[in-house]
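Encoded as structure tokens, the structure appears first; notes follow it.
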Amino acid sequence: MESFLRTFSDQTINGLVIGNIYAFIAVGLALIFGVGNLINFAHGSVFMVGAYVGWICMTWWNLPLAVAFVVVALVCALVGMAIERFALYPLRGAPPIAPLLATIGVSFMIDQAVQLLFSRNPHAFPNPLIEHRFQVGGVTVSAIDLLIAGVGVATALTLYAFLRFTRWGWALRATAQDREAALQMGVNVNAVNRMTFAIAAALGGIAGLLVGMYFNTVYPTMSFQATFKGFAAVVLGGLGNVPGAVLGGLLLGLIESYGVAIFGATYRNLFAFVILIAVLVWRPNGLFSLRPRVAQEPLTGTFIAKGRPVPTPKWLIATLIGVAFVLPILVPNPYLLQILTNAWLLGMVALSVTLVTGTAGQTSLGQAGFMAIGAYASALLVLRLGWPFELSMIAAAFISAILGTLLVFPAFRLRAAYIAIATLAIGEIVNQVILNWEGLTQGAMGIAGLPPPSLLGWQMIRPHEIYYFSLALLCLAALVQWRLVRSPLGRTWRSLREDEIAAQAFGVNLNRYKTLAFGVAAWIAGLSGAVTGHMYTYISHETFTNTTSILALTMVILGGMGNLLGAIVGAVTLTALPEVFRGLADYRYLVYGLTLLLVIRFRPQGLLGTD
Amino acid sequence: MNASNGQPLLQLKNIDTAYGPIQVHFDLNLHVHAGEIVCLLGGNASGKSTTMKVILGLVQPLRGTVLFDGRAITGLPTPQIVRLGIGSVPEARRIFAQMTVRENLLMGAYHRKDRRAIAEDYERMLALFPRLKERLHQRGGTLSGGEQQMLAIARALMGRPRLICMDEPTMGLSPLYVDRVLALIQQINAQGYTIFMVEQNAHLALQIAHRGYVLQNGRIVMEGSAQALLNDPEIQDAYLGEKQ
């Protein structure tokens, strides 16, 4: 009993310390959401930059800790202002989904830049404090715990005083409450926006430095986790609610800490994602708001810009398909065929994204989750039950459609930006479940030895065989989707995209049509995942990540939302681009991020126009 | 109060405005002299509120010029227009709901630097609005609609504007507060503030205004002294409902 109490109090301290760091991240996100009505996906990247700057200060330059804090805060504030100035400021006036996607592009670019500069391997971050642990009333506390708590309290007080008693703080609060009224008081809301980014980024950077010191390591992928923990904390506290964000951060830290103590360390990340979805669905205003606020109307819609599809005559499409089919004969280069096979398989995922996001208007960032379900379903059916691939592939598509739709179902009541976060979390949950359900999925080991795709005894091993197979599947999927989109069903989907409330007023059952859209999309993505898995012969919880989901959405934006040919053109372009310019292969995500930013800014309707 | 003979304080010249393909204003011309209360009347969707937004720089006109004190302010950012001396009592009041009454008042003086004068104005507002003084540390959102309107007007006055633009100041208020607000507008006009107000309730507005314009489908269809407009049979028919 006593040891239980000791563990409990230790876990509480642990949870509060980590929660303190989450609070730092969440407060920045809440400020940015409050002032700019923007969900900032680049926040974790700034956090990571903070960790690296801190690491440089301490290990390269041997600066004292206090100086390192100042340098980190300043550098990150500058990074934050640069993001606002160059990626977001030009998009003012655009629909809110545009700046959100721009922050995704920025995060790709920053993460890749840090990887290129400092390698993707972790670096050791020596703890500059004494390693001594104090016993305080039966609780063990280390120096770093005290530091984090102290910095947390000091920062919270400073921020409170700033918001409450300074001119700039008032301007910030006024802008957050009513942007247009603030303008009419003479507040330069653009300057307030930039200042908010600077403050949020400085807080995020300090959090990064603290995390680096706490875990004694810095690594590039800490960025995404931080963004997501921040989202979970901020959603717990209510979007845009700064004190709520602090409480949400502490609460998330405690839940994680107790959860890890009970279930084990591999479950750590699952809690944040589950909490995120549960709160979004059941208490979208957070735990601490007494009365529900009015829904944020500007957060609707998925289209960055409306535009007509570029006319594509039938003969041109027929020619393109013809060229794709004779290509292996004309250019039997296995490297090229491999790249194009990837493009065809990702093209199917892009088709599925353009269906839910472009046609039905539900921004999805979770498509890789459907791929993972499809891949694992097929792998397990073949390896455990001895099914033939032809059958397992089809069954996997249906399993993905059913499971995928069930997973997204609770999020159906959410709108644009919220459903984007929810689907991203669902994609992560799929991977976390795969990681933890060892009896079924072999956990972190993954599943090796998948037989290559086969059709009626014909094993597809050589590049041109799998090339043809995936191309045929893509054409089939595109054809089916084209028929659906042109049918009355397609018209109903588009009515959801244009105006859910009006559609409902005309008797459209929203849930039924969203189910159909996600079902068909998950079917196609699941099929692609199954084939991809067998092609790779090895799958794990890291094969189909959120990066793939975001990449698929980028393809769709590049080609033009809702435009089927556009999705495929986007897939081919983004898959081939880094390969064509060989030197770019290492800069893959820089290219993707930059593409996203440039398209949103200069051709928001995509290459082939929205449809 | 007589309109001065010099140039108008505010002048809108040949304004055309559009939201996308929908044109709102067609060759709009109007002016306000220093010391006047001028009201802009019109029904729903006649373009009244957009006129306010054009003056404040929240909406850019396609063509035409807004002159303030003889200077073209078209295209200037809103904060700069406010600094030049145009105060705003926005439609639906737009009080900062989470800020206290005191903070709301001081936000009105946000663009001013003269701390001592701001403190004086603040005391003046508390004397003028005893109701607000009682509620200084309450959040703006907890006030009643009428109290919020008072706060919005006081907030605009805190900026020491040379012109106050009021967008439907009586909208949604109880009859008691409608009268209070109108009396207040007359009172501050008597203190020297120039007022340009948009109103749907023509009868009320013309009782306190010196002059009025009637806006219909984006065009000025009538203008004149308040008395002349009140007596105009067409106005009575269309806006005052005397013949119903």
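In this text, all values refer to a predicted model and were calculated from it rather than measured experimentally. Numbered from 1 within each chain, the chains take letters A, B, ... in sequence-line order. For the numbers below, each heavy atom of this structure counts, side chains included, while hydrogens, waters and symmetry mates do not.
- Of the two parts of R93(B), neither the backbone nor the side chain holds a non-hydrogen atom closer than 4.5 Å to a non-hydrogen atom of chain A.
- Contact annotation: the side chain of E180(A) never approaches that of E91(B) to less than 4.5 Å [non-hydrogen atoms, C-beta and beyond].
- The number of heavy-atom neighbours closer than 6.0 Å to CZ of R139(B), taken from other residues, nucleotides and ligands shown, is 12 or below.
- The neighbour count for F506(A) CZ, taken as heavy atoms of other residues, nucleotides or ligands under 6.0 Å away, does not exceed 12.
- The two residues D178(A) and F96(B) make their nearest non-hydrogen contact at O-CE2, 3.7 Å.
- The minimum heavy-atom distance linking R112(B) with R167(A) is given by the pair O-NH1, 4.1 Å.
- Considering CH2 of W170(A) and CD of E103(B), their distance stands at 5.0 Å, rounded to 0.5 Å.
- Each of H111(B), M158(B), R155(B) was checked for a side chain to side chain contact (heavy atoms under 4.5 Å, CB included) with M185(A), and the lone residue meeting it is R155(B).
- The shortest distance between side-chain heavy atoms of Q184(A) and R94(B) does not fall below 4.5 Å.
- Of the inter-residue distances, the one linking M107(B) atom CE with R173(A) atom CZ reads 9.5 Å to the nearest 0.5 angstrom.
- Across every non-hydrogen atom of Y110(B) and A171(A), the tightest pair is OH-CB, 3.4 Å.
- Under a cut-off of 6.0 angstrom, the local environment of CZ in R308(A) is sparse, with at most 12 non-hydrogen atoms contributed by other residues, nucleotides or ligands.
- Partner of P79(B) under the side chain to side chain contact (heavy atoms under 4.5 Å, CB included) criterion, out of L183(A), V189(A), N190(A): L183(A) alone.
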